[in-house]
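Notes for the one structure printed next.
Order of the sequence lines fixes the chain letters, A, B, ..., with proteins taken first and strands second; residue numbering starts at 1 for each chain.
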Protein chains: 2
Amino acid sequence: MSTRRATINDVAREAGVSPSTASVVFSGKTPTSEATRARVLAAAESLGYTGPDPRAASLRRGRSGIVGVVFDQHLGTAFLDPVTTHMMDGLADGVSRLGAALLLLRDDGVTVSEPSLHTAPIDAAVLIGCSPRMRDSLEIVRGRGIPVVVVEGDAGDGIPRVLLDNADAQRAAARHLADLGHDDVVIVTLPVDTGRRRGWLAADAVIGVDVTADRLRGAREVFPDAPALAAATSSIDEGAIAGRTIFAERRPTAVLAQSDLLAAGVIRAAEEAGLRVPQDVSVTGFDGVVVDGLAPHVLTTLVQPATAKGRAAGEAVAAMLEETVPSGLDLECTFRAGTTTGPPRST
Amino acid sequence: MSTRRATINDVAREAGVSPSTASVVFSGKTPTSEATRARVLAAAESLGYTGPDPRAASLRRGRSGIVGVVFDQHLGTAFLDPVTTHMMDGLADGVSRLGAALLLLRDDGVTVSEPSLHTAPIDAAVLIGCSPRMRDSLEIVRGRGIPVVVVEGDAGDGIPRVLLDNADAQRAAARHLADLGHDDVVIVTLPVDTGRRRGWLAADAVIGVDVTADRLRGAREVFPDAPALAAATSSIDEGAIAGRTIFAERRPTAVLAQSDLLAAGVIRAAEEAGLRVPQDVSVTGFDGVVVDGLAPHVLTTLVQPATAKGRAAGEAVAAMLEETVPSGLDLECTFRAGTTTGPPRST
DNA sequence: TTGTACGCGTTATCAA
DNA sequence: TTGATAACGCGTACAA
């Protein structure tokens with residue numbers, strides 16, 4: 001009874017074959033005679049050998065079978081958003097053709113914990129929600145020569161990215177409001193930077209988060225002068241905070257929120273303020289997720305293909321690993337009219 | 001311009017030092033003179049060397065810095081439950097002292113994709129929700145000699161597991177109902193097996209999922225003859241399905257659901273059936289998660305420390321890796337009285 | 001503080 | 001169908 005775990009060498013010796021033959025028996029890469037195969041398996045069994053050491057195999061192969069998923073926020077926070085969980089689901093699906101598993105990584109810029117982006121044994125990486133800080137993550141990964149796909153963010157120079165038609169979609173919602181007759185509209189935006197500061201956006205504000213910028217641009221194409229209030233994150237509570245701020249100061253006929261969760265919060269704030277939706281104020285969201293607790297309202301929103309987004313990212317990663325050019329990265333949102341928008345109240 | 005990436009050897013040669021010195025510069029395990037250090041770093045820079053190859057390092061070290069988290073269901077499904085996401089959050093926290101990252105693994109018994117439990121380069125594993133199928137996963141992992149911690153499941157012989165006082169807690173809720181005067185109670189359970197079949201449970205039904213069995217046991221200690229209806233998963237929709245089944249057949253004065261999501265669904269079904277909560281029927285949940293959309297109700301439930309559960313699992317894993325005996329694995333739920341329970345209607 | 005030498009466990013390649 | 005050989009890239013005793 002040795003203290004050390006058996007290796008494939010031990011098994012080979014025990015079975016009376018060469019290590020390479022034993023290896024082949026486990027990998028199945030080359031046909032082997034039934035007899036040797038049986039002998040090797042028996043030897044493994046008797047030695048308690050349970051298969052090749054993944055670390056050694058991945059060193060030799062140059063592949064670990066692991067795809068890193070990089071978040072720029074606390075996991076708990078990220079997973080609170082249904083869009084993220086659906087995307088993870090699709091991502092798991094998308095990389096499965098690669099036979100890869102997902103490694104959860106967080107890049108908050110300060111943590112030095114290992115394995116970080118610098119040291120994780122990943123074959124590829126998917127960056128979620130490219131905030132400015134993500135650029136650093138990107139540099140690290142690219143420096144390591146690892147294929148990267150960015151979801152919803154600008155990565156610059158030729159890095160594949162999965163994109164929604166954010167501006168177009170948001171413009172559609174804005175137009176919907178305009179068609180109904182609205183012209184006093186306030187926009188509630190997703191975070192504008194890593195600092196996640198709340199507050200009214202100056203006209204010349206620099207927006208570091210692309211999703212936010214794109215959706216804002218789409219809305220402003222229809223309502224060039226609409227004031228915009230930034231939320232600290234995408235959640236019902238944040239939406240409610242934003243809503244309270246808005247209704248304390250003004251009475252717009254419509255609020256255009258950049259996410260369903262924010263919209264739900266705005267609706268809550270509106271009702272707190274004694275406003276009826278949509279009679280007194282119309283509200284639109286973005287994402288098309290199921291927001292529990294919104295009943296009986298059905299949110300007017302843009303439905304984004306969250307699962308498909310993840311799957312597209314996964315497949316893009318798979319393609320890059322196979323040295324192919326990824327495709328199918330541009331996805332479209334669908335406008336869905338609900339019960340939270342209607343004609344503006346007559347003044 | 002070579003086609004191959006630079007190794008630490010190349011860097012050492014370029015810097016005019018030995019490979020071991022270069023290695024030490026990167027790991028910081030041994031003091032080095034400022035001069036050599038600078039030289040090595042410069043050499044690395046000029047060769048585009050971004051640090052030790054994680055695969056080689058982990059082979060050498062015998063550690064990968066990765067902890068596997070094994071689910072027995074689709075990731076999307078698992079993450080739909082707030083309890084799971086909170087637990088993941090805690091888990092990420094708990095293993096962080098180890099400096100480890102989390103690898104998402106799924107064991108559905110059929111997938112042959114790699115890396116599976118057999119081949120993933122993990123230092124330890126956390127099994128979530130030990131259904132019968134999980135026993136197989138367990139065998140695989142143990143066979144590989146990898147430390148395992150089980151969350152909410154019976155792993156048998158000396159495998160550390162993070163446990164809630166499910167039976168006790170559920171008994172407290174049942175007693176609460178009994179004290180109010182209820183005696184016509186129906187129980188809605190979590191899945192009873194991997195097949196996730198719905199339906200009334202026979203008195204002698206074998207329950208393969210421990211959480212389900214424990215909570216049921218606690219309830220039956222107070223209401224020995226209460227009929228139990230199994231749901232296919234823990235969700236509001238499943239709760240509603242169960243609720244509809246119940247109210248179509250009978251009019252219990254109280255329904256004891258094994259999760260908050262199920263309870264929310266039951267409440268929805270009750271209201272559909274024209275029953276008021278709690279006047280016509282009381283409902284209790286389990287978990288203490290925030291269920292959006294339940295307002296104005298506040299669920300009477302057992303609050304479980306979901307984040308703490310994850311953290312405990314993470315710390316247990318860390319302990320095992322350090323050859324210590326894990327502790328702090330038993331966690332308690334807290335009874336929280338809400339507005340969904342009251343005295344039974346007079347018959 | 002630096003260098004030498006070797007092993008970690010596997011698998012690709014090629015020849016037999 | 002099997003076997004010999006040579007990396008894969010690194011970390012670390014141990015000696016200098």
key: Protein-nucleotide distance (Asp10(A), atom CG; dC8(C), atom P), rounded to Å   = 10 Å
ask   = How many Å lie between CG on Asp53(A) and C1' on dG7(C), as a whole number?
value = 14 Å
ask   = Is a side-chain donor-acceptor pair under 3.5 Å present for Ser23(B) with Ser20(B)?
value = no
ask   = What is the distance, rounded to the nearest whole Å, between atom CZ of Arg61(A) and atom C1' of dA7(D)?
value = 16 Å
inquiry  = From C-beta outward on Thr32(B), which listed nucleotide comes closest to its side chain: dT11(C), dT2(C), dA12(C)?
reply    = dT2(C)
remark   = Here the distance between atom P of dG3(D) and atom CG of Asn9(A), to the nearest Å, is 13 Å
ask   = Which is true for Val17(A) with a 4.0 Å heavy-atom rule: it touches a base, it touches only sugar-phosphate, or it touches nothing?
value = sugar-phosphate
ask   = From dA4(D), dC10(D), dG9(C), pick the nucleotide closest to the side chain of Ser18(A)?
value = dA4(D)
request  = Give Phe26(A) one of three labels, base, sugar-phosphate or nothing, depending on what nucleic acid heavy atoms sit under 4.0 Å from its own.
outcome  = nothing
task = Select from Tyr49(A) and Ser33(B) the residue whose nearest nucleotide in DNA chain C is closer to the 5' end of that strand.
result = Ser33(B)
Nucleotide nearest Leu59(A) (side chain, heavy atoms from C-beta), chosen from dG9(D), dT2(D), dA4(D) = dG9(D)
request  = Answer yes when Asp123(B) and Arg55(A) have at least one side-chain N-carboxylate O distance shorter than 4.0 Å, and no when they do not.
outcome  = yes
remark   = Side-chain atoms of Ile8(B) come closest, of dC10(D), dG3(D), dT2(C), to dC10(D)
ask   = Rounded to whole angstrom units, what separation is found between the CZ atom of Arg63(B) and the P atom of dC8(C)?
value = 18 Å
task = Given side chain to side chain contact (heavy atoms under 4.5 Å, CB included), test Val126(B) with Val70(B) step by step and report yes or no.
result = CA-CA 6 Å; Val126(B) 177; Val70(B) 187; over 6 Å; no
task = Kindly indicate whether the side chain of Ser20(B) and the base of dG3(C) share any N or O donor-acceptor pair separated by less than 3.5 Å?
result = yes
message = Is it the case that dA7(D) (base atoms only) and Arg60(A) (side chain only) share a donor and an acceptor within less than 3.5 Å, ignoring hydrogens and angles?
response = yes
Val24(A) or Thr21(B), whichever maps to the more 5' nucleotide of DNA chain C = Thr21(B)
inquiry  = Whole angstroms only, please: what is the NZ-C1' distance between Lys29(A) and dT11(C)?
reply    = 9 Å
key: Nucleotide nearest Thr36(B) (side chain, heavy atoms from C-beta), chosen from dT4(C), dC10(D), dT2(C)   = dT2(C)
Beyond-backbone contact of Pro326(B) with Val149(B), side-chain heavy atoms, under 4.5 angstrom = no
Protein-nucleotide distance (Arg13(A), atom CZ; dG3(D), atom C1'), rounded to Å = 15 Å
inquiry  = Suppose we call a contact any N or O donor and acceptor under 3.5 Å apart; does that hold for the side chain of Ser23(A) and the base of dA12(C)?
reply    = no
query = Can Arg161(A) and Glu152(A) be counted as an ion pair, charged N to O under 4.0 angstrom?
reply = no
